[in-house]
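A quick write-up on the structure given underneath.
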Amino acid sequence: MERVTIKDVAREAGVSISTVSNALNGVDVLHPDTKAHILKVAERLHYIPNLNGRNLKAHATRTIGLFAPYVGGPYAGAIADYMARECRYAGYELDIFVTNKDDSVMKNLLGRRVDGAVILNSTLSEWQEEEIQSAEIPVVFLNKRIAGANQTGVYFDSYEAGKMAAELFLRKGFKRIGLIEGPDNFDARERSMGFRKVIKESGISLAEHFVWQGGFSRETSFAAVEHYLQLQKKSEKINLPEAIFATNDLSAIGCMEALAQYGIKVPETVRILGCDDIELCHYVRPSLSTIKTNFEEQGIVAVKSLLKMLNGEKQGREMCLSCSIVERDSI
């Protein structure tokens, strides 16, 4: 798709380039009707102004963009940190755009604010991805299966992580098993699916009253488990699973805290397994067993893959990162 330029807008509107520039930049020298006419033409042509002026002429900003809906927490914060380090090594800067608005992502990419981008938990539509592809802007999508000439997907093998968790429980002989699920995103879905598949094939029933919604959040998981325990407290004996798999570590820690509040010991009564291996796993008591996904590797691989696309060394492709079990005191 050929990019619409300011010349195209000027020609279509029947005015000079400087007049279009004044209209787009809000310079108060035009008649309101003229300005409205130009803006309407620009919108109809889907014109996106370049945000870097001189840098466009040089065809490079030496800047990579990270687009994410949030940068707090152990995951997004770690990804941003590792990406920034890798950018420095390569002589690039990292700009972080905290947004959950697709039009903001498109405006900054098609406006050439950055040379290429890493997008975390993308909600871009298929046509928006195609538009970025047509503009030949290299993009790495985190936690998404995608591949194209200038598009790479870097994701954890979360389905396998879920299977590994279930297989560990079965090897240890657990029969009553619980699951704390996450939000509606790639990793949460894949981990739950892999876990459920292995449990079902083993012939063990995953009781629905042992399945809680944790939302990848310490507080949400705590509240879900606490609510269950409050209901159970009304009966003579609290019905508990032998082992619980939480689809991320924060959910696992929230679960442990809720159990502790009711005097339920981990691992003596209930074993807990998380996923990701965030730094906090080492410091909670008991220390948290988990499936290590390796945030550092994902951040580094994302930047290296993007740079190779920018330099024309490699086409985009899918990159699946492996996981491993880390057993600590909570199992």
Side-chain angles (χ1 to χ4, degrees), residues 68-82 120-122 142-144 154-169 177-199 206 210-226 228 241 243-260 266 270-284 286-299 320-331:
Y70 57 90
V71 288
Y75 173 54
I79 287 290
D81 187 39
Y82 293 129
L120 171 63
N121 293 339
S122 170
L142 298 183
N143 309 328
K144 182 180 178 69
V154 181
Y155 55 91
F156 299 119
D157 194 349
S158 286
Y159 187 79
E160 182 63 25
K163 289 176 61 178
M164 291 167 67
E167 288 163 357
L168 175 65
F169 284 1
I177 291 171
L179 172 64
I180 300 179
E181 298 188 306
D184 185 23
N185 65 30
F186 175 83
D187 286 316
R189 289 192 302 270
E190 292 287 303
R191 291 168 188 179
S192 291
M193 286 169 56
F195 186 80
R196 285 176 175 273
K197 181 177 186 295
V198 171
I199 295 299
L206 182 62
F210 286 160
V211 178
W212 302 296
Q213 298 302 319
F216 274 11
S217 160
R218 191 171 180 171
E219 295 77 15
T220 304
S221 179
F222 178 95
V225 176
E226 181 186 42
Y228 173 79
I244 299 170
F245 172 52
T247 49
N248 85 333
D249 291 331
L250 289 177
S251 296
I253 292 168
C255 174
M256 289 169 61
E257 290 170 336
L259 292 172
V266 177
V270 180
R271 292 83 174 172
I272 306 291
L273 178 69
C275 193
D276 282 329
D277 197 26
I278 64 176
E279 189 175 1
L280 196 54
C281 293
H282 298 270
Y283 302 112
V284 294
S287 57
L288 181 63
S289 300
T290 188
I291 309 288
K292 184 178 182 64
T293 54
N294 203 330
F295 301 162
E296 178 180 4
E297 182 184 12
Q298 190 181 39
C320 183
L321 307 179
S322 61
C323 308
S324 59
I325 294 176
V326 180
E327 288 196 50
R328 298 191 181 99
D329 297 337
S330 67
I331 290 291

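Computed from a predicted structure; not experimentally measured.
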- Query: Would a 4.5 Å heavy-atom cut-off, applied to side chains only, mark C255 and I244 as touching?
  - Reply: yes
- Query: Would you say L179 and F210 make side-chain contact, with heavy atoms under 4.5 Å?
  - Reply: no
- side chain to side chain donor-acceptor pair (under 3.5 Å) partners of Q213, counting only residues at least two apart: E181
- Item | Under the side-chain contact (heavy atoms from CB on, under 4.5 Å) test, residues paired with N143 that sit two or more places apart | Y75, L120, N121, F156, F186, D187, Q298
- Message: Is there a salt bridge (Lys or Arg N to Asp or Glu O under 4.0 Å) between K163 and D157? Walk through the geometry before answering.
- Response: CA-CA 10 Å; K163 289 176 61 178; D157 194 349; over 6 Å; no
- Query: Looking at residues at least two apart in the chain, or sitting in another chain, which of them share a salt bridge (charged side-chain N to carboxylate O under 4.0 Å, His left out) with D81?
  - Reply: R85
- Message: According to side chain to side chain donor-acceptor pair (under 3.5 Å), who are the partners of E327, at least two apart in sequence or on a separate chain?
- Response: K172
- Hey, could you give me the OG/CD distance between S322 and E160, rounded to the nearest 0.5 Å? 9.5 Å
- Task: Compare every heavy atom of L288 with every heavy atom of A252, then report the nearest pair and how far apart it is.
- Result: CB-CD2, 3.7 Å
- Message: Let me confirm one number: the CG-CD1 distance from L273 to I180, rounded to the nearest 0.5 Å.
- Response: 11.0 Å
- Indicate yes or no: at least one non-hydrogen side-chain atom of R191 is less than 4.5 angstrom from one of D276. yes
Less than 3.5 Å apart, which donor and acceptor atoms pair up between the side chains of residues 218-225 and the rest of the protein, not counting sequence neighbours?
residue, atom, partner, partner atom, Å
R218, NE, E257, OE1, 3.2
R218, NE, E257, OE2, 3.0
R218, NH2, E257, OE2, 2.4
E219, OE1, S217, OG, 3.2
T220, OG1, S217, OG, 3.2
S221, OG, S251, O, 2.6

- Message: Tell me every residue that passes salt bridge (charged side-chain N to carboxylate O under 4.0 Å, His left out) with D249, counting only those two or more places apart in sequence or in another chain.
- Response: none
- Test side chain to side chain donor-acceptor pair (under 3.5 Å) applied to D329 - qualifying residues, sequence neighbours left out: S287
- Message: To the nearest 0.5 Å, what is the distance between OG on S289 and CD1 on I272?
- Response: 10.0 Å
- Message: Measuring from atom CD1 of I177 to atom CZ of R196, what distance do you get when rounded to the nearest 0.5 angstrom?
- Response: 12.0 Å
- Message: The criterion is ring-ring contact (aromatic ring centres under 6.0 Å, His included); which residues satisfy it with Y228, sequence neighbours excluded?
- Response: W212
- Message: Tell me every residue that passes salt bridge (charged side-chain N to carboxylate O under 4.0 Å, His left out) with E226, counting only those two or more places apart in sequence or in another chain.
- Response: none
- Can you name the closest pair of heavy atoms from K144 and Y155 and give their distance? O-CD2, 3.5 Å
- Taking all non-hydrogen atoms of both residues into account, name the closest pair between F216 and G182 and its distance. CD1-CA, 3.8 Å
- Rounded to the nearest 0.5 Å, how far apart are OH of Y283 and CD1 of I278? 11.5 Å
- Task: Output all residues satisfying side chain to side chain donor-acceptor pair (under 3.5 Å) with Y82, sequence neighbours left out; order by chain, then residue number.
- Result: none
- Item | Over all atoms of both residues, closest heavy-atom pair of P74 and A78 | O-CB, 3.1 Å
- Would you give the length of the straight line joining atom OG1 of T293 to atom CG of L321, rounded to the nearest 0.5 angstrom? 9.0 Å
- Message: Going by salt bridge (charged side-chain N to carboxylate O under 4.0 Å, His left out), name the residues that satisfy it together with R328, two or more places apart in sequence or in a different chain.
- Response: D277
